[in-house]
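Only one structure is covered here, and it is reproduced in the block below.
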Protein chains: 2
Amino acid sequence: MRREDATSMAARQREISVSEFFTKNRHLLGFDNPQKALLTTIREAVDNSLDACEEAGILPDLIIEIHEIAETRYRVAVQDNGPGIVRSQIPKIFGKLLYGSKFHRLKQQRGQQGIGISAAGMYGQLTTGCPVQIISRTGRRKPAHEFRIAIDTKKNAPVIQSDREIDWDTPRGTRVEIELEAVYKKGRRSVGDYIEQTALANPHVAIRYVPPKGEPVVYERITREPPAEALEIQPHPLGIELGILLRMMKETRSRQLRGMLTSDFCRVSAAVANRICEVAGVSPTSKPSRLTGAQVESVFRAIPQVKIMSPPTSCLAPIQEELLLRCLKKRVDADFVTAVTRSPAVYRGNPFQIEVALAYGGGLGAEDSVDLFRYANRVPLQYQQSACAITKAVVSTDWKKYGLQQARGALPVGPMIVLVHMASVWVPFTSESKEAVASYPEIIKDIRLGLQEAGRRVGIFVRKRHREADEHKKRSYIEKYIPHIGDALQEILGQTDRKRDKNVANLKTILERSRKM
Amino acid sequence: MRREDATSMAARQREISVSEFFTKNRHLLGFDNPQKALLTTIREAVDNSLDACEEAGILPDLIIEIHEIAETRYRVAVQDNGPGIVRSQIPKIFGKLLYGSKFHRLKQQRGQQGIGISAAGMYGQLTTGCPVQIISRTGRRKPAHEFRIAIDTKKNAPVIQSDREIDWDTPRGTRVEIELEAVYKKGRRSVGDYIEQTALANPHVAIRYVPPKGEPVVYERITREPPAEALEIQPHPLGIELGILLRMMKETRSRQLRGMLTSDFCRVSAAVANRICEVAGVSPTSKPSRLTGAQVESVFRAIPQVKIMSPPTSCLAPIQEELLLRCLKKRVDADFVTAVTRSPAVYRGNPFQIEVALAYGGGLGAEDSVDLFRYANRVPLQYQQSACAITKAVVSTDWKKYGLQQARGALPVGPMIVLVHMASVWVPFTSESKEAVASYPEIIKDIRLGLQEAGRRVGIFVRKRHREADEHKKRSYIEKYIPHIGDALQEILGQTDRKRDKNVANLKTILERSRKM
């Protein structure tokens, strides 16, 4: 048996394409099993549609269709009325992993990796051999293009199988169709659940959902006001790492360190830049690309010692309390709803904003744990609940204070929906499949504060309801027993019916009065 | 405010390099926090060293050093006596993510992604700005090369900062040094723990560990016999996916379908190939690259209907029962040790083999949960214990049967170490950071069978020990009380001392005899 040496081993070294990597590790992207694959595919397409509509200032009209081809084979279609995609970009967007416009931008977006929709296409291709089909049209006067695109996983590059102009009755938008091995189920973590929760957190979106069986479901939009536009920001100095700072110094267009600090970061004024240079002991006029490693490190260590304003929050577009309330009132059968939009906060230099809404009573089930709806940048998170910072914040809040039952370390029990939304320029997911938020202490703290504020309001309602129930119970005792007392008195004292009725009336008045005191 | 349209959005689309992706998502690779980063860096370097030594048939001598540079800054060095790396390959291996020799090979190896050591270097560069330093020499007559390599994350390509020949007192091997932001701690999940567990599952390895403070620790090798060489195998037809099969049909060198099936897969004889073609209704002599999608799908659907032998197990190199026992006896202070190496099994077409060892009693703590040592291809897994299939198998085994205490859904309690090793050509980790094994039912089942077998043996020992303890207690009662009874009888009956001693001797004999019956 021949053993290897350095030369024979070197001959086998080669590059691995990112597509090959994620084909073999597709569970990392949310394609662990056929049921989850269906949801992930739809979610990636919907994320892209909504992001594009919002960027273009268009009120989204979505059509989501699931067609059954065979028992474990479905064809999914997601269509929007968005800005469309220019022809030359279509192959790469759908046929290449790690390609996109969102990865490098600091603003609130649903997508952030440039990996989702092409990975869904790759999964479809892997399990059915079918290419992704895309139709897109950028305007009424432009032609509609239809592409069928496969992925060459060895090269991580698109293979165009067909490319033609077609007649399309839609004036503008994009339609993606993917055929894949999948399992369709109703109930928890189903596509239906996901679409319902999407509608709840996106009041400006209209959705028509065509499930494989049964009637289409239509969600009308609740507001015609699109969300405030989230603006792109520069990185904040406090979130930067030494290696990134070193690279920025090499790549900056500024000729002086001071200029680099003010123009490549947010919240760095000339005064702040001077102060950083002073603390670092580096001249503000030195040329960034000529700084030594030790000098850059001095600048790096100086940053936390200088007071710098928190990053601007124009990059965030929360749902807002008033719309959350309207959504919950329209979509959930509850007796009481409340919503809290917190002020923006910061983790590792990234601005984020927490929103909490609670819906209580009504048709909600009282016997089980509350329903927890987790959102990141308006996208519902369906899996890995227990690994999520949002869950940790809910579980570590004392809900007994607010009139709910709660076992130690568990979700509270009661007829309630807990909705938590984290909006951020960079949501720290625990995996590429975007299922759970990583547990940064700043994030958990802010969620808890939101939960406490909303919880207090629910607590007031719950206690009032308990009082009313007590009241009602006592009143019903009065109604029930006093006539009998009247009869008994009549019998013992030999009174007339009139006297008896008077006694009963008097007793009621006295008891009512004493109860109110 | 200008809204975007398709053209303005297209202008921002761009490629994202895999290095940029993993810089931003470095928690996915095990660099979530400085303590874990230290462990992950060492682990990746050790994995590479041991894989290279074993492939070259060399008994590994490892040196692992951690030098403190500042409170949160360390310089890690891992040196081996392996085959060395040829000069031209060094930059890519250490300066490019997704580059390596292991990804495409089906055999038991520690590394499998081609991502680990370059990611560690990237983390070092990100947090300290320092390049990776490599010294490598492929033989006594060859020069030693010293490289300093940075990563251009935008291009995912190495940047050679220096490259020179040096004098090195080591005749052959590789030394990697990485400076990084890190936290050094002792105790659970520490580097020390990791090295101890590595020594336990790799009896052929000698390790000298130099911690930042305190004395060096030396682990001598327990055997001079290297592990059996794990051989590369072809994929097994049952583990293949339709998309992969389609690609294989296009890329095969075989001219006929039958030939493709026999030569590109393992365990497919000409007879099996003919049977597959027959069930699929496709001619065995058809040209693979000319098959239609539907024909390939027919072949794909035919595979599970034909009886095919399990994959060969020459690709696996388990530790083996006898060596596991010797390791445990030498390294652990226990009263009883037992080991089970199961027969190979298969999940999704991938062969795997489970080994279980238990060490009980002695100096092991009795009050807490047992210590669970999880291994995948001889590498200790330190994080995400609760998410791991190994833990699930241990927790779902009924340990009360074997004389241990156990709460429902928890690890058993007692003075015991539970060691579980999964060897496979492709360990299904739940994340790239290789911390937990995914829960395939076939894997959990096989681990449980191993635990039950080892558990029964421990159970016999534990029960015997309980009996002995009972025995001892009873005997001590006899020793303690019979003389007093003798005294009492003497006093009551007015007997002589001799008579009393005789009574005592008789009583003891009678009680011993009755107890034994």
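Just so we're on the same page: letters track the sequence lines, and every chain starts at 1.
- Neither the backbone nor the side chain of B:I58 comes within less than 4.5 Å of any heavy atom in chain A.
- Interface remark: A:I93 contributes side-chain atoms only to the contact with chain B (heavy atom separation under 4.5 Å).
- For a residue to count as touching a neighbouring chain, one of its non-hydrogen atoms must lie under 4.5 Å from one of that chain's; by this rule B:A52 touches chain A with backbone and side chain alike.
- When the candidates A:A11, A:A10, A:G82, A:G293 are compared by the number of heavy-atom contacts under 4.5 Å with chain B, A:A10 comes out ahead.
- Across all non-hydrogen atoms, the minimal contact from A:P91 to A:S88 is CD-O, 3.7 Å.
- Heavy atoms of B:R137 lying under 4.5 Å from chain A are absent altogether.
- Both the backbone and the side chain of B:I244 come within contact range of chain A, with heavy atoms under 4.5 Å apart.
- For the pair A:K36 and A:F31, the cation-pi test (distance below 6.0 Å, angle within 45°) is failed.
- Defined by atom type and a distance below 3.5 Å, a donor-acceptor pair is present between the side-chain atoms of B:S49 and B:D80.
- Counting heavy-atom pairs under 4.5 Å between each of A:G57, A:G100, A:G84, A:P83 and chain B puts A:G100 at the top.
- Across every non-hydrogen atom of A:K107 and A:L231, the tightest pair is CB-O, 3.5 Å.
- With a 4.5 Å cut-off on non-hydrogen atoms, B:K92 does not touch chain A at all.
- When each of B:K154, B:M122, B:K102, B:Q125 is checked for heavy-atom pairs under 4.5 Å with chain A, B:K154 comes out on top.
- Of the two parts of A:R87, neither the backbone nor the side chain holds a non-hydrogen atom closer than 4.5 Å to a non-hydrogen atom of chain B.
- Salt bridge present: B:E241 and A:R26 bring a charged side-chain N and a carboxylate O closer than 4.0 Å.
- Both the backbone and the side chain of B:E15 come within contact range of chain A, each with at least one heavy atom under 4.5 Å from a heavy atom of that chain.
- Contact of A:F429 with chain B is made through the backbone alone, with heavy-atom distances under 4.5 Å.
- At a 4.5 Å heavy-atom cutoff, B:Q384 makes no contact with chain A through either its backbone or its side chain.
- Proximity to chain A is absent for every atom of B:R172, based on heavy atoms less than 4.5 angstrom apart.
- Between the side chains of A:T174 and A:S136, at least one donor N or O lies within less than 3.5 Å of an accepting N or O.
- Atom NZ of A:K250 has more than 12 heavy atoms from other residues, nucleotides or ligands within 6.0 Å.
- B:L97 does not touch chain A: none of its heavy atoms, backbone or side chain, sits under 4.5 Å away.
- Comparing A:T430, A:T7, A:I85 by heavy-atom pairs within less than 4.5 Å of chain B, the highest count is held by A:T430.
- Atoms CZ and CD, on A:F103 and A:Q109 in that order, are 11.5 Å from each other to the nearest 0.5 Å.
- B:R247 and A:T153 share a donor-acceptor pair across their side chains, judged by distance under 3.5 Å alone.
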* **Worked verdict on A:R14 versus B:Y99 for side chain to side chain donor-acceptor pair (under 3.5 Å)** => CA-CA 6 Å; A:R14 54 184 265 211; B:Y99 185 85; over 6 Å; no
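- Residue contact with chain B, scored on non-hydrogen atoms closer than 4.5 Å, involves the backbone and the side chain of A:K24 alike.
- Within the 4.5 angstrom heavy-atom criterion, only backbone atoms of A:E54 (N, CA, C, O) approach chain B.
- Between the side chains of B:N156 and B:S19, at least one donor N or O sits under 3.5 Å from an acceptor N or O.
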